Number of protein chains: 2
Amino acid sequence: MDGRRGGREDGDAGTWNGDPRRRGRGVALGHRGQPTRGPRPALTLAGIAGAAIRVADEEGLDAVSMQRVAAALDVTKMALYRYVASKAELFAVMTEIAVGEPPVLSGVRGGWRRKLERWAELLRTTWREHPWIPAVTLGDRLMGPRETGWTEAAVAALEGTGLTGAERMDAVSLLGGHVRNTRSAAGTQPWTADRRLSPLLADLVRRDKERFPALVAAIDEAGRRPDDSGWTFGLARILDGIEQLVASRSGD
Amino acid sequence: MDGRRGGREDGDAGTWNGDPRRRGRGVALGHRGQPTRGPRPALTLAGIAGAAIRVADEEGLDAVSMQRVAAALDVTKMALYRYVASKAELFAVMTEIAVGEPPVLSGVRGGWRRKLERWAELLRTTWREHPWIPAVTLGDRLMGPRETGWTEAAVAALEGTGLTGAERMDAVSLLGGHVRNTRSAAGTQPWTADRRLSPLLADLVRRDKERFPALVAAIDEAGRRPDDSGWTFGLARILDGIEQLVASRSGD
DNA sequence: ACACCTAGTGTCCCACAGACACAGTTCCTC
DNA sequence: GAGGAACTGTGTCTGTGGGACACTAGGTGT
């Protein structure tokens, strides 16, 4: 089953050169600079990444081993190293493909706020389909052009607001960070743990009522809330904050 | 060197029972419920966690292997499993110890905003000393009592603001998330990569000026900025947003 | 003195990332 | 058309990691 090779998960993802200190040949996400000498490649970078993405989506990031991905393509693990210099690079390519083409916000009416709102929602949707993205995009790494394209779109939406360049970038960072947090923070806060994890922490909190009185009060008062409560709340707060800054700028 | 055992990194961290489905004996972060039968333990949970924390602080989280930690304590790797059920549990104990005692904000004058500001700064400081914490506190997991105590402190600061219980929790989540992001997002955004990583991405962005015009403009206008620019910006925006909500509530 | 519990050890297994040499392909050049 | 040259996928090997399990040595109750 699923023994198909390659897999055209994606047609053209631009010029993504992976780790250039290792591979001089023009490596792109598909056909590009094919050397004309040896046997034809049985795989494509996009196909490999696609298989890896499928594994990650279905079984989690930890299930993504070179072995596993290779098996899904009916190849040996070492074959993958012809396309990818390391597992880290595989993750990079996976990310670049999974984030998809950056959105076009010019069609969104209503000024920067509506545009950013839309941008954040789209990003959130994309990341929801690939829950492993937050974990992979953590720490020092290279960003691919599509990923950069997402940032570009958001920064562009803030042009003409009177914010400085640094402020525009910080604002986008802030918003993107919120998406990341609400996508990856399951269980990080006690109430989310309360909702989905063992009742252990809830026990701890409730048993030590005198130790966490404010928390107990808040939890009891909150009751059942929708899953995306933190998302909408934070989004509104952040945009309100930015709006206030924008207003103060145009008030000069 | 550093062959000292135990290590009293921490005196009393409360009742942290790790994974209770596995260990019935009263395991605390130090002396507690010592059985009186066999040979004296050569180690303590706190000592082990302390050694692991030291490794993580100095060489990064990836350097924390059972072998490595055991070696630092002059013990076999398997000896650690007498104190810890799994590596995940070791991480949990490390975190619980590393976050430290939650702050007391009652001494902070100036209302909830100043309190939260202080809270966030303290959290940030703590996390700065242990840069691995964001990575470890990601995903589903249990929160220890001290960690919960941090949340408690922040939620308590919001009492009397007119916010609902859910809003109080969401606000704290939002703030904590911001700390997490500005602590772990190095290289996640193109300009931070620009600053500290290879010039590769900067090249990409600049070479494709026509592809990322808004980004180029923002970067050029921003120039050199302090490292914590994103931090202070986001903090101010978030607090402004919360303040607006608080105001609207008291205006009812 | 003996039994019983307990702590650290030694040995084993499996999964994983990656190095490296090799064999089979395909085209370019003489 | 015959050899390379260049290249792709394979087989094999090493090192490192987490963890299971049986065992030995140490200490305390009866």
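Note that the structure is a prediction, hence the values are computed from the model and not measured. Computation of the quantities below employed the complete heavy-atom set of this structure, encompassing side-chain atoms and omitting hydrogens, waters and symmetry-equivalent molecules.
- Atom OH in B:Tyr81 sits roughly 17 Å away from atom P in D:dA22 (whole-Å rounding).
- In this structure, B:Thr44 contributes its side chain and B:Gly47 its backbone to a donor-acceptor pair below 3.5 Å.
- In the set D:dC7, D:dG18, C:dC5, the nucleotide with an atom closest to the side chain of B:Lys87 is D:dG18.
- For A:Ser65 and C:dA15, the shortest distance from a side-chain N or O to OP1 or OP2 is not below 4.0 Å.
- We find that CD of A:Gln67 is positioned 14 Å from C1' of D:dT16, with the value rounded to whole Å.
- The distance between atom CG of A:Leu90 and atom C1' of C:dG18, rounded to the nearest whole Å, is 14 Å.
- Closest-nucleotide positions on DNA chain D for B:Val64 and A:Met78 were compared, and the one nearer the 5' end corresponds to A:Met78.
- Side-chain atoms of B:Lys77 and base atoms of D:dG19 include a donor and an acceptor less than 3.5 Å apart.
- In this structure a side-chain-to-backbone donor-acceptor pair under 3.5 Å is missing from B:Glu147 to B:Val99.
- Residue A:Arg40 has no polar side-chain atom (N or O) positioned under 4.0 Å from OP1 or OP2 of D:dC7.
- Rounded to an integer number of Å, the gap from CG of B:Asp62 to P of C:dA17 is 13 Å.
- Phosphate proximity of D:dT8 to A:Tyr83: absent, as no side-chain N or O sits under 4.0 Å from OP1 or OP2.
- In this structure, B:Leu61 places its CG atom 14 Å from C1' of D:dG17, rounding to the nearest Å.
- One interatomic measurement links the two molecules: CZ of B:Arg82 to P of D:dG26, which rounds to 15 Å at whole-angstrom precision.
- Using a 4.0 Å heavy-atom distance criterion, B:Met66 is classed as a sugar-phosphate-only contact.
- With no hydrogens or angles considered, no side-chain donor-acceptor pair links B:Asp228 and B:Thr182 at under 3.5 Å.
- For the residue pair B:Thr137 and B:Arg180, a side-chain donor N or O sits within less than 3.5 Å of a side-chain acceptor on the partner.
- No donor-acceptor contact under 3.5 angstrom links the side chains of A:Asp170 and B:Trp231, judged on distance only.
- The residue among B:Leu80 and B:Gly38 whose nearest nucleotide of DNA chain C is located toward the 5' end is B:Gly38.
- A donor and an acceptor atom never sit less than 3.5 Å apart when one is taken from the side chain of B:Arg37 and the other from the base of D:dG29.
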